[in-house]
Amino acid sequence: MWRRSTSLPLFFSHLQQVRRADELKICQAFCTEIVKPPVEGESNSRRNSPFVAFVLGGPGSGKGTQCLKIAETFGFDHIGAGDLLRKEMHSDSENGAMIQKLMKEGSIAPSEVTVKLIKKAIESAENRKFLIDGFPRSEENRVAYERIIGAEPNFVLFFDCPEEVMVKRVLNRNEGRVDDNEHTVKERLKVYKAITLPVANHYAKKGKLYKVDGTGTQEEIFERVRPIFASLRLST
Ligand SMILES: Nc1ncnc2c1ncn2[C@@H]1O[C@H](COP(=O)(O)OP(=O)(O)OP(=O)(O)O)[C@@H](O)[C@H]1O
Ligand SMILES: O=c1ccn([C@@H]2O[C@H](COP(=O)(O)O)[C@@H](O)[C@H]2O)c(=O)[nH]1
Ligand SMILES: [Mg+2]
């Protein structure tokens, strides 16, 4: 069974430790849902619900790169929403052509498609700790996830990175992605600012957003991320 294993005062002392890394801004302490230990008589579905961190940031902000490091170091399963959609796009699925068109345009896929793929990935995993990378992209995505999965994320990790750095990284990526070109990255940035940033703001208002400076080397960034996950003390 998965459960949090730390008490409230201990948890806040971890938060103080985390705050010492000044790149990190915790808008408020976590909400009660994350810190509340399971209570006698509480339903099994709630106690067994997975631990989920959404990972947000602009295109090329380093979400995927850092998720790999977090997953390896802290034993999370990494679910890349874009990766799931790319897999779907390359399969014989009826949605393949639609996904390819949206990706080329830098637009967002319908929530029902993405959430269904995420739900399947969560349900088919043995792990109960997940990083959901690059999702939710919109308020509509967020509402659909919370309705279909029946829970909010435990927290949201957000990589803050200047546009010129992100664009440079994307254009140097060289992985054959249909969206790694100058035109699409500009469209993605517009979508990100208009539609995705409000999602990050929503979670900031709820005290669930961890904002990390996404500039510097991959290792430097990971050292900013590390204390956040080290402070969680989740049992497996
Ligand atoms: N700190 C860094 N310094 C230089 N290059 C980096 C850094 N972090 C990641 N990269 C490289 O930049 C590119 C984009 O990184 P990554 O794929 O992790 O970003 P992302 O946020 O997942 O982007 P997208 O939203 O487009 O999937 C990759 O080629 C990656 O190797
Ligand atoms: O929730 C999501 C995630 C991704 N997309 C589409 O995929 C591309 C690439 O996503 P990455 O997370 O950067 O790999 C994105 O621009 C969208 O077109 C999506 O629609 N919904
Ligand atoms: Mg990525």
Side-chain angles (χ1 to χ4, degrees), residues 23 52 54-72 78-90 95-122 130-146 148-149 153 156-197 199-200 212-225:
E23 300 85 3
V52 171
F54 287 159
V55 182
L56 293 178
S61 58
K63 302 180 292 297
T65 304
Q66 294 301 322
C67 279
L68 290 178
K69 290 179 183 291
I70 299 163
E72 195 188 353
H78 173 205
I79 299 176
D83 298 330
L84 294 176
L85 289 167
R86 273 184 287 276
K87 206 167 157 200
E88 190 75 356
M89 183 174 97
H90 291 121
N95 293 320
M98 179 263 295
I99 294 169
Q100 178 156 24
K101 183 171 178 290
L102 289 168
M103 274 197 183
K104 272 190 182 160
E105 289 169 356
S107 312
I108 298 169
S111 298
E112 77 224 51
V113 173
T114 317
V115 177
K116 198 170 148 195
L117 293 170
I118 292 172
K119 187 167 187 273
K120 203 169 150 197
I122 291 176
F130 299 95
L131 302 167
I132 303 188
D133 165 8
F135 181 91
R137 287 305 231 254
S138 66
E139 277 292 284
E140 200 229 329
N141 275 179
R142 177 185 71 72
V143 171
Y145 174 93
E146 291 178 2
I148 294 168
I149 303 293
V156 180
L157 180 61
F158 176 83
F159 290 102
D160 189 23
C161 202
E163 261 183 52
E164 62 276 16
V165 176
M166 296 196 282
V167 170
K168 207 169 157 187
R169 286 184 190 165
V170 164
L171 297 180
N172 284 331
R173 183 155 42 193
N174 209 14
E175 285 175 9
R177 279 176 53 159
V178 293
D179 51 353
D180 280 353
N181 59 74
E182 215 164 329
H183 173 73
T184 310
V185 77
K186 277 187 186 149
E187 293 306 309
R188 292 184 67 198
L189 282 167
K190 283 186 209 160
V191 169
Y192 165 68
K193 285 187 274 189
I195 302 176
T196 310
L197 274 181
V199 179
V212 169
D213 177 358
T215 63
T217 65
Q218 297 180 10
E219 293 70 28
E220 283 166 347
I221 299 165
F222 186 61
E223 290 314 313
R224 296 171 194 140
V225 168

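Just follow the structure's listing: the first ligand is 1, and inside any ligand the first atom is 1.
By the criterion of a heavy-atom distance under 4.0 Å, the side chain of Arg188, and not its backbone, is placed next to ligand 2. When non-hydrogen atoms are compared, ligand 2 lies under 4.0 Å from neither the backbone nor the side chain of Lys63. By the criterion of a heavy-atom distance under 4.0 Å, neither the backbone nor the side chain of Val191 is placed next to ligand 2. Only the backbone of Ser107 comes within 4.0 Å of ligand 2, judged by heavy-atom distances.
Counting heavy atoms from C-beta on, the side chains of Ile221 and Phe159 come closer than 4.5 Å.
Comment: Lys69 does not engage Glu72 in a salt bridge, judged by the lack of any side-chain N to carboxylate O separation of less than 4.0 angstrom. The residues Lys168 and Glu164 are annotated as not salt-bridged, no charged nitrogen and carboxylate oxygen being separated by less than 4.0 angstrom.
Here the heavy atom of the protein found nearest to atom 27 (O) of ligand 1 is Arg177 NH1, 3.0 Å. At the shortest separation from atom 9 (C) of ligand 1 among protein heavy atoms lies Thr65 OG1, 3.3 Å. Closest to atom 24 (P) of ligand 1 among all protein heavy atoms lies Arg173 NH1, 3.5 Å. With respect to atom 22 (O) of ligand 1, the closest heavy atom belonging to the protein is Gly64 N, 3.0 Å. With respect to atom 8 (N) of ligand 1, the closest heavy atom belonging to the protein is Gln218 CG, 3.6 Å.
When atom types are taken as modelled, the side chain of Lys63 and the backbone of Gly58 share a donor-acceptor pair closer than 3.5 angstrom. The backbone N or O of Met98 lies less than 3.5 Å from no partner atom in the side chain of Asn95, so there is not a single donor-acceptor pair. The closest donor-acceptor contact from the side chain of Ser61 to the backbone of Asp160 lies at 3.5 Å or more, if one exists at all.
Annotation: Arg137 places an N or O atom under 3.5 Å from an N or O atom of ligand 2; distance criterion only. Among the atoms of Gly62, some N or O lies under 3.5 angstrom from an N or O of ligand 1. Taking any N or O of Ala109, backbone or side chain, at least one lies under 3.5 Å from an N or O belonging to ligand 2. Checking only distances, Asp83 never comes within under 3.5 Å of ligand 2, N or O to N or O. Of the N or O atoms in Pro59, none lie within a sub-3.5 Å distance of an N or O in ligand 1. Between Gly216 and ligand 1, an N or O atom pair is found at a separation short of 3.5 Å. Polar contact with ligand 1: absent for Glu175 (N/O pair, distance under 3.5 Å). The shortest N or O to N or O distance between Asp133 and ligand 1 is not under 3.5 Å. For ligand 1, the polar-atom distance check against Asn172 finds no nitrogen or oxygen pair separated by under 3.5 Å. Not one N or O of Thr114 is nearer than 3.5 Å to an N or O of ligand 2, by distance alone. Geometrically, ligand 1 and Gly60 share a nitrogen or oxygen pair separated by less than 3.5 Å.
Distances from atom 25 (O) of ligand 1 to the heavy atoms of Met166, Lys63, Arg169, Gln66 show the closest one on Lys63.
Per-residue contacts place Arg86 under 4.0 angstrom from the following atoms of ligand 2 (heavy atoms of the residue considered): 9 (C), 14 (O).
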